[in-house]
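Just so you know, these numbers come straight off a predicted model, no measurement behind them. The first residue in the sequence is number 1, and the count goes up from there.
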Amino acid sequence: MINKKHNFKALTLALFLFVACCLKTSAQQDPMYTQYMFNAMSINPGYAGLKGYPQLSYLSRYQWLGVKGAPKTQYLSYDYRVPRKNVGLGLNMVHYSFGPTFNTHMFVNYAYHLQLDKSSYLSMGIRAGLSWYKFNLASVNIIKGGDPYFSQDFQNNWVPNFGLGLYYYTSKYYLGISSPALLENKFKLNGDKETNIGKENRHYFFIAGYIIEITPDLIFKPSTLIRYVNKTPVSMDISALFLIRDRFWCGPVWRINKAVGFQSMFRFDPQWTLGYAFDYTMNELAGKQIGTHEIMLTYNFNKNTLYNIKSPRYF
């Protein structure tokens, strides 16, 4: 355990090392999640092992339903805390499609949870893995034919990537900063080493939340997620969730200047949880689609006596 007077120095040093590794950014292209507060390992490897017991999660997201070629995301993760250790491990698998673009990512996460004092922790996470991309350029309808860039499809081999994340938490609140894919791999037309058709763009995420106990049967949890990519507007999500009788989450969500909606999550028993989220876009797509739908199913392996959970985790 670290003495209290070293907390600020340890946190400042960790933040400095993180920022020093994250300098260059580009346009946003990664999938979004409305249920980000229950799915934090998807954007921050420092979250791995935080719950204290293994958890298996599956998420399916259909964005802008009714629009041809709209984004679709399938996400599967396994989160594991090494018994009686300060080490968390995790596995992420994501398949994401948007128009003629298809990509698949597989990452392994490692996090070390450093205890700063009696009630606060700083988790330092790293992830590494592979990504695969396919662009069906030949299927795109273009106004004027004969463009060589749209005469063939592109498919790359698996390319490596890695990411970093910091996650500071207590039993009442949390703060996290991360960049889940630091390398900006470039894509070239098949057989053409000179022509770039795109690249992976580095994303930055900041996440925060707070737990307020209104009554023993009612808990309020406001939270936020901020995304940043170079040359694009900052995106910010805000949610205000209520937990009723330690069983049912519900509340509104707001993606500033972009979408509004709500989310809910119901715990059937100590192990099974089902979540649903809906948001409706307020930009030029409003009226041309019937919203974004997201379903999340989790299974907690928390009956194992190896995992001594002293207090429940609400994030």
Side-chain angles (χ1 to χ4, degrees), residues 1-23 36-57 77-92 107-129 161-182 202-212 221-226 228 298 300-302 304-315:
M1 184 182 295
I2 294 179
N3 191 291
K4 250 184 179 180
K5 67 180 181 180
H6 298 305
N7 285 3
F8 181 75
K9 290 183 179 180
L11 183 59
T12 302
L13 176 61
L15 287 169
F16 172 80
L17 292 174
F18 176 86
V19 173
C21 293
C22 307
L23 298 176
Y36 59 85
M37 69 292 297
F38 301 113
N39 188 30
M41 195 175 67
S42 63
I43 58 174
N44 192 327
Y47 187 83
L50 183 141
K51 286 187 174 295
Y53 50 79
Q55 177 174 281
L56 182 67
S57 300
S77 71
Y78 180 72
D79 183 11
Y80 175 77
R81 180 69 169 259
V82 178
R84 305 186 184 94
K85 301 290 184 180
N86 294 329
V87 173
L89 303 173
L91 174 66
N92 302 92
F107 283 93
V108 174
N109 302 265
Y110 173 89
Y112 183 79
H113 297 258
L114 181 66
Q115 187 169 3
L116 301 178
D117 57 33
K118 186 177 180 180
S119 60
S120 63
Y121 297 81
L122 176 65
S123 177
M124 297 164 285
I126 185 170
R127 74 187 330 180
N161 217 318
F162 76 98
L164 299 173
L166 295 174
Y167 203 93
Y168 174 80
Y169 62 97
T170 70
S171 61
K172 294 292 185 181
Y173 66 93
Y174 61 91
L175 302 167
I177 184 171
S178 63
S179 183
L182 287 168
R202 192 177 304 151
H203 293 58
Y204 295 96
F205 295 91
F206 173 79
I207 190 172
Y210 196 85
I211 300 297
I212 302 172
K221 184 176 78 169
S223 63
T224 186
L225 171 66
I226 301 174
Y228 173 72
T298 63
N300 299 324
F301 300 82
N302 58 356
N304 193 328
T305 56
L306 287 174
Y307 302 94
N308 182 20
I309 310 302
K310 295 181 180 179
S311 61
R313 276 285 168 222
Y314 298 117
F315 49 86

Closest heavy-atom contact between Phe107 and Pro180? CE2-O, 4.4 Å

How many angstroms lie between atom OH of Tyr168 and atom OH of Tyr173, to the nearest 0.5 angstrom? 3.5 Å

Look at the side chain of His113 and the backbone N and O of Ala48, then say whether any donor-acceptor pair between them is shorter than 3.5 Å. yes

Keeping Asp79 on the side-chain end and Gly49 on the backbone end, is there a donor-acceptor pair under 3.5 Å? yes

Could you check whether Lys221 makes a cation-pi contact with Phe38, meaning its NZ or CZ is under 6.0 Å from the centre of the six-membered ring and within 45° of the ring axis? yes

Ser123 side chain to Gly46 main-chain N or O, any donor-acceptor pair under 3.5 Å? yes

Hey, are the side chains of Tyr112 and Val87 touching, using non-hydrogen atoms and a 4.5 Å cut-off? yes

d(Ile211 CD1, Ser171 OG) to nearest 0.5 Å is 9.0 Å

Hey, does Phe205 have a side-chain heavy atom less than 4.5 Å from the side chain of Asn44? no

Working to the nearest 0.5 angstrom, can you tell me the gap between Ile207 CD1 and Met37 CE? 7.0 Å

Go through Tyr204 and Ile177 one step at a time and tell me if the side chain to side chain contact (heavy atoms under 4.5 Å, CB included) criterion holds. CA-CA 7 Å; Tyr204 295 96; Ile177 184 171; 6.0 Å; no

What verdict does the side chain to side chain contact (heavy atoms under 4.5 Å, CB included) test give for Asn86 and Arg81, after you've listed the backbone C-alpha separation in whole Å, the side-chain angles of each residue and the deciding distance to 0.1 Å? CA-CA 8 Å; Asn86 294 329; Arg81 180 69 169 259; 4.2 Å; yes

Taking Asn161 for its side chain and Leu182 for its backbone only, find out whether a donor-acceptor pair lies under 3.5 Å. yes

Enter the distance from Ile43:CD1 to Tyr36:OH here, rounded to the nearest 0.5 Å. 9.0 Å

Quick check for you: to the nearest 0.5 Å, what is the distance between Ser77 atom OG and Leu56 atom CG? 7.0 Å

Heavy-atom distance under 4.5 Å between the side chains of Ile126 and Pro45, does that happen here? no

Judged by atom type as modelled, is there a donor-acceptor pair below 3.5 Å linking the side chain of Thr170 to the main-chain atoms of Lys172? yes

Under 30°, 30 to 60°, or over 60°: which ring-plane class applies to Phe315 and Tyr169, parallel, tilted or perpendicular? perpendicular

Given Tyr110 and Leu89, is the side chain to side chain contact (heavy atoms under 4.5 Å, CB included) satisfied, shown in steps? CA-CA 5 Å; Tyr110 173 89; Leu89 303 173; 3.6 Å; yes

Looking only at atom types and distance, does a side-chain atom of Ser179 sit under 3.5 Å from a main-chain N or O of His203, one as donor and one as acceptor? yes

Return the CZ to NZ distance between Phe301 and Lys51, rounded to the nearest 0.5 Å. 14.0 Å

Report yes if some heavy atom in the side chain of Leu91 is under 4.5 Å from a heavy atom in the side chain of Tyr80; otherwise report no. no

Matching residue for Tyr174 among Phe206, Tyr210, Tyr167, Tyr47 - test: ring-ring contact (aromatic ring centres under 6.0 Å, His included): Tyr167

